[in-house]
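The next block holds one structure in the form of structure tokens; read it before the comments.
All values reported here derive from a predicted model rather than from experimental measurement.
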Amino acid sequence: MAIDLRAVSSYPYFHTIASLSEANALEIKLPPEAGKISIGCELDKIFVYQNGLTDGALLSGTENHGFIPAANFLPIGLGKGTTRAQSIFLASAESTAAVKVCIILEEKT
């Protein structure tokens with residue numbers, strides 16, 4: 001089930017996801033005022049997707065992704081106008097469901 005952050009109105013905004021699947025994409029719906037998202041996980045590597053996915057999509061055979069090593073954050077600048085992504089997708093690189101992911105949203109500058 002997608003996580004809808006479109007109503008966020010105070011920045012920076014911190015959100016924690018308790019678990020991720022390694023088989024299915026989790027959609028994070030982004031607020032229009034956000035200019036940057038930072039994503040990280042203390043203990044596990046996670047995958048980040050954006051191109052052509054939908055919430056819950058099966059990831060087998062999906063090659064268009066980035067990864068974030070354990071104990072790191074990846075800051076991603078969001079586009080403006082018609083180039084701006086409406087959402088981003090996450091998945092675990094691990095087979096455990098206990099992958100905890102932290103998200104930080106920052107306002108456009």
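- Atoms NZ and OG1, on Lys36 and Thr109 in that order, are 8.5 Å from each other to the nearest 0.5 Å.
- Below 30°, between 30° and 60°, or above 60°: for Tyr49 and His65 the angle between ring planes is between 30° and 60°, a tilted geometry.
- Taking CD of Glu107 as the start and OG of Ser10 as the end, the distance is 9.0 Å to the nearest 0.5 Å.
- Under the ring pair (Phe, Tyr, Trp, His ring centres under 6.0 Å) criterion, no residue pair touches residues 17-42, with sequence neighbours excluded.
- With sequence neighbours left out, the side chain to side chain contact (heavy atoms under 4.5 Å, CB included) criterion links Ile3 to Leu5, His15, Ile17, Leu26, Ile28.
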What's the verdict on side-chain contact (heavy atoms from CB on, under 4.5 Å) for Thr16 and Lys100, showing C-alpha distance, side-chain angles and the deciding distance? CA-CA 7 Å; Thr16 300; Lys100 185 170 92 172; 3.5 Å; yes
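- Two different hydrophobic clusters hold Leu20 and Ile104 under the rule that ILVMFWY side chains link at heavy-atom gaps under 4.5 Å.
- The minimum heavy-atom distance linking Leu105 with Tyr11 is given by the pair O-CD2, 3.6 Å.
- For Asp44 (side chain) and Val99 (main-chain N/O), no donor-acceptor pair under 3.5 Å exists by modelled atom type.
- Residue-environment remark: CD (Gln50) exceeds the threshold of 12 foreign heavy atoms within 6.0 Å.
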Considering only distance and modelled atom types, tabulate donor-acceptor pairs under 3.5 Å from the side chains of residues 66-90, sequence neighbours left out.
{"from": "Asn72", "atom 1": "ND2", "to": "Ala70", "atom 2": "O", "distance (Å)": "2.9"}
{"from": "Thr83", "atom 1": "OG1", "to": "Lys80", "atom 2": "N", "distance (Å)": "3.3"}
{"from": "Thr83", "atom 1": "OG1", "to": "Lys80", "atom 2": "O", "distance (Å)": "2.8"}
{"from": "Arg84", "atom 1": "NH2", "to": "Pro31", "atom 2": "O", "distance (Å)": "2.6"}
{"from": "Arg84", "atom 1": "NH2", "to": "Ala34", "atom 2": "O", "distance (Å)": "3.0"}
{"from": "Ser87", "atom 1": "OG", "to": "Glu27", "atom 2": "OE2", "distance (Å)": "3.0"}

